[in-house]
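Heads up: the structure comes next, in structure tokens.
We name chains A, B, ... by the order of the sequence lines, and we start the count at 1 in each one. Basis for what follows: all heavy atoms, side chains included, without hydrogens, waters or symmetry-related copies.
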There are 2 protein chains.
Amino acid sequence: MEAVTETMVAADAREETRARIEQAALDLFTAQGFEAVTIDEVADAAGISRRTFFRYCSTKADAVWGQFDGHVVRLEGMLAAAAADQPVLASVYAAYVEVNDYAAADLPMLRQRMRLILTEPALLAHSQLRYADVDRVVAAHVARRTGVAPDALVPRLVATSTRAAATTAFELWLADGRITLGAALHQAFDELAAGFPSLR
Amino acid sequence: MEAVTETMVAADAREETRARIEQAALDLFTAQGFEAVTIDEVADAAGISRRTFFRYCSTKADAVWGQFDGHVVRLEGMLAAAAADQPVLASVYAAYVEVNDYAAADLPMLRQRMRLILTEPALLAHSQLRYADVDRVVAAHVARRTGVAPDALVPRLVATSTRAAATTAFELWLADGRITLGAALHQAFDELAAGFPSLR
DNA sequence: CTTGCCGGTGGCACTGGGTGTCACCTACGG
DNA sequence: CCGTAGGTGACACCCAGTGCCACCGGCAAG
């Protein structure tokens, strides 16, 4: 952090550091495995101290999640803006597809990130905490639209099973290099919403 | 560990120690919270050393899971023994209900365990690793019965979403003191299998 | 009875994630 | 020129988890 910050406002420098940490973490974790890399190594690669790493990422696992909070916020906004006459399940379906509509340039990094999250046990475990936020947002939406409590069966079930569908779509997208993420999401949601027609 | 083992075979003593660790862990975690309790405290309460704790539980989180491996094995057996003419989804449904058919005497401890797992963030995260085993078993069953690969969309999706349904049922059972665990499971699976009819 | 093996245990030291504290430095307004 | 505030690094600390070794009990062979 020397010449880089010269002509930079503080917020920009912060964002730039954040991105450098994330890239260093993704690369090191991909190359050597999540457990095999220490935080000191990530911090060194990002040109900061160990202590500063924890000021940007509250957890080692957090380093791979990027701006996931913004992701959740965008999903929440889409759900809130959904047409009132649209079926609830369809609105969740559409919001999941839209929030995961990445630009082509972002796909390689997304692949790297999701491969780590779904492959490394520690990151898979941690993902449950991040996805819990998503579930709360979806459950609140379903509850609002159906007039029941957010912790009732149907809102919770819709939230967890639609997220399960999205996760499955990501797994499929990662394993099969040909299918589009959007196509995988559509397949998974169609199966789920119809009660698994292909099993009858 | 002195007089207790007098008339005991080694395996019995081991099992008795295991149960003591589990009870101590559940009680301490419930009373003070998972993070606030150190392993030394659990070990002391169970009358063993810290090092021995890790010979029984590979992780602090593992202490609350009891004989979950046996659970998974039983589920696998039920799925393997399912009638060939039964619809696949129904066989998964039935196996989940049957494997969670606890004796009344076991319910308090199950409640304590599940409340911790669903309430404590660290345990919720860890649960993902345990449930991954369940998912593999279910996906393998669905794959076998439908003649596709275990990592194809439908087997994975059935596995993750049925587990989501089971988890939701547990949450409902915990929150609502009146409903039976079996009834909650039935409600959740019925919604899921029919594609959320209550939303139409 | 003694010797030697063997499984379970405890003690100890070490690595690594995460936190609290403090000193420093730099940019800013007075 | 001074004072303050926010970001940073260094250090000390706690705790989860691991490797290693020494010990102690039982048990079979001699």
What nucleotide among dG9(D), dG17(D), dG18(C) has an atom nearest to a side-chain atom of Lys60(B)? dG17(D)
Provide, to the nearest angstrom, the distance between the CZ atom belonging to Phe53(A) and the P atom belonging to dG16(C). 15 Å
Check the phosphate of dT8(D) against Tyr56(A), side-chain N and O only, distance under 4.0 Å to OP1 or OP2. Yes or no? yes
Look at all strands and tell whether Val42(B) reaches a base, only sugar-phosphate, or nothing, counting heavy atoms closer than 4.0 Å. nothing
Any idea which of dT8(D), dC20(D), dG17(C) is nearest the Arg55(B) side chain? dC20(D)
Separation of dT9(C) P from Glu16(B) CD (nearest whole Å): 12 Å
Could you check whether any side-chain heavy atom of Trp173(B) comes within less than 4.5 Å of a side-chain heavy atom of Thr168(B), counting everything from C-beta outward? no
Value in whole Å for how far the C1' atom of dA12(D) lies from CZ of Arg50(A): 11 Å
How long is the line joining CZ of Arg18(A) and P of dT8(D), in whole Å? 13 Å
Candidate nucleotides dA16(D), dT8(D), dT9(C), ranked by approach to the side chain of Arg14(A) - the nearest: dT8(D)
Could you tell me the separation between the CZ atom of Phe54(B) and the P atom of dG8(C), rounded to a whole number of Å? 19 Å
Any non-hydrogen side-chain atom of Met78(A) less than 4.5 Å from a side-chain atom of Tyr96(A)? no
Nearest-nucleotide pick for Arg51(B), side chain only, options being dG18(C), dC20(D), dA10(D): dC20(D)
Asp44(B) CG to dT9(C) P: how many Å, rounded? 16 Å
Against the six-membered ring of Tyr56(A), is Arg14(A) placed for a cation-pi contact (under 6.0 Å from the centre, within 45° of the normal)? yes
Result for 5'-nearest mapping on DNA chain C, choosing between Thr38(A) and Thr52(B), is Thr52(B)
Take the protein atom CD of Glu35(B) and the nucleotide atom P of dG17(C), then report the distance between them rounded to whole Å. 17 Å
Take atom CG of Asp40(A) and atom P of dT15(C), then tell me their distance rounded to the nearest Å. 12 Å
Please check this pair: side chain of Glu41(A) against backbone of Thr38(A), looking for a donor-acceptor N/O pair closer than 3.5 Å. yes
Is the shortest side-chain heavy-atom distance between Thr146(A) and Val154(A) below 4.5 Å? no
Please determine, for the side chain of Ser49(A), which listed nucleotide (dG11(C), dA10(D), dG18(C)) has the closest atom? dA10(D)
